[in-house]
Amino acid sequence: MAHEAARFAGDWLALREPADHAARVARFADQLAEWLRDRDRLRVIDLGAGTGSNLRWLAPRLDVEQDWLLIDHDDALLAMARQAPVVADAGGRAVRISTRCMDLGGLPRELFDNAGLVTAAAIFDLVSKDWIEALAGRIAGCGAAALFALTVDGRRGFVDERGRRLEDERDARLEALFNRHQQRRKGMGEALGPEAADVLPALLEKAGLRTWMARADWRLDAGQAHTPALGAALLQDWMQAAVAQSPHDAAWIEAWYRARRADLERGRVGLVVGHVDILALPQAK
Ligand SMILES: C[S@@+](CC[C@H](N)C(=O)[O-])C[C@H]1O[C@@H](n2cnc3c(N)ncnc32)[C@H](O)[C@@H]1O
């Protein structure tokens with residue numbers, strides 16, 4: 001999970017990967033595959049790639065030879081990506097990967113040379129509006145497509161055994177505290193937090209790209225096998241962020257955390273975390 005400098009543990013990324021993959025909008029990959037139909041080779045840049053989860057989901061859905069450049073400021077995560085099994089594209093060919101350890105605070109133009117696709121997953125809550133504007137300009141400048149997955153949009157809450165949202169005043173206060181905490185600086189300017197879900201498509205459109213957005217929520221159903229482990233990690237991060245945001249509320253926040261964690265472990269509640277996926281394509285010629 002992240003601390004202020006936006007470092008993430010590899011075991012957290014591994015824990016969330018199945019939920020990320022289940023949430024993603026498959027029709028955007030199909031739409032992208034259709035747009036790429038006449039290409040025989042594709043250079044892909046994955047921003048904030050971590051251990052390569054985005055590559056593992058997307059590359060097998062595209063029937064084109066692919067060269068992926070995975071970029072992250074954490075070389076330990078990139079090392080895990082290098083050591084992971086080779087991924088095959090939709091035609092069965094091995095996808096080539098290279099990695100670059102760098103801080104993405106700047107977005108050097110040469111990074112985008114010959115890029116056909118710029119992609120990222122779960123990073124836009126960490127970045128600023130100026131950063132997105134610069135990125136959208138780079139994408140428009142190189143004529144690439146963009147697929148940006150799993151941007152949190154600020155909706156998070158509990159559901160009952162039948163998947164119905166629970167309305168609870170303390171949950172709502174915790175949701176608001178968490179969202180405010182997400183807007184601290186995280187290394188790429190003043191972090192947008194969940195506002196990124198609105199700002200990103202608007203700035204891609206402004207840069208001249210055709211843009212589509214759809215919900216890609218995590219649904220951790222009550223009583224499902226994976227819910228307690230991922231749910232407990234989420235709750236802990238949520239509680240810590242809320243306490244950091246409002247230290248004088250620590251006592252009731254910690255009591256809330258213990259109660260909700262017990263609910264999750266007993267299979268009495270599940271969790272929904274709102275995300276959006278965004279596809280952007282250059283204007284048709
Ligand atoms: C939530 S993780 C997502 C990782 C990966 N995209 C995935 O879907 O599993 C955010 C990633 O952004 C990277 N990151 C955060 N700030 C960064 C920065 N300033 N420069 C480069 N990478 C950064 C982190 O190291 C981490 O791998």
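Just follow the structure's listing: the first ligand is 1, and inside any ligand the first atom is 1.
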- Of all heavy-atom pairs linking Leu230 and Leu220, the shortest is CD2-CD2, 3.8 Å
- Message: I need the minimum non-hydrogen distance between Asp46 and Leu55, along with the two atoms involved.
- Response: OD2-N, 4.2 Å
- Note on the structure: Min over Ala9, Gly50, Gly48 of heavy-atom distance to atom 6 (N) of ligand 1 lands on Gly48
- Using distance alone, determine whether Ala121 and ligand 1 share an N or O pair under 3.5 Å. yes
- So, do Met213 and Asp277 sit near enough that their side-chain heavy atoms are less than 4.5 Å apart? no
- Message: Asp74 versus ligand 1: do any nitrogen or oxygen atoms come within less than 3.5 Å of each other?
- Response: no
- Message: I'd like to check whether Leu104 has a polar contact with ligand 1, where a contact means an N/O of the residue lying under 3.5 Å from an N/O of the ligand.
- Response: yes
- Query: So is Glu17 close enough to ligand 1, meaning a heavy atom under 4.0 angstrom away?
  - Reply: no
- Task: Assess Asn54 for proximity to ligand 1: is some non-hydrogen atom of it under 4.0 Å away?
- Result: no
- Item | Among Arg41, Arg39, Arg93, salt bridge (charged side-chain N to carboxylate O under 4.0 Å, His left out) partner for Asp67 | Arg41
- Side chain to side chain, Arg109 and Arg138, heavy atoms closer than 4.5 Å: yes
- Phe158 and Trp238: aromatic ring centres closer than 6.0 Å? yes
- Note on the structure: Atoms of ligand 1 under 4.0 Å from any heavy atom of Met102, numbered from 1 in the order shown, are 20 (N), 21 (C)
- Message: Under the rule for side-chain hydrogen bond (donor to acceptor under 3.5 Å, both in side chains), what residues qualify as partners of His21, not counting sequence neighbours?
- Response: Ser53
- Query: Looking at Leu77, which atoms of ligand 1 are within less than 4.0 Å of one of its heavy atoms?
  - Reply: 25 (O), 27 (O)
- ligand 1 and Asp103, any nitrogen or oxygen pair closer than 3.5 angstrom? yes
- Do any nitrogen or oxygen atoms of Arg16 come within less than 3.5 Å of a nitrogen or oxygen of ligand 1? no
- Any atoms of ligand 1 less than 4.0 Å from a non-hydrogen atom of Ser53? List them with their elements. 9 (O)
- Given Glu175, which of Arg156, Arg170, Arg165 fulfils the salt bridge (charged side-chain N to carboxylate O under 4.0 Å, His left out) condition? Arg165
- Mind checking whether Ala49 contacts ligand 1 via backbone (N, CA, C, O), side chain (CB onward), both or neither, at a 4.0 Å heavy-atom cut-off? backbone
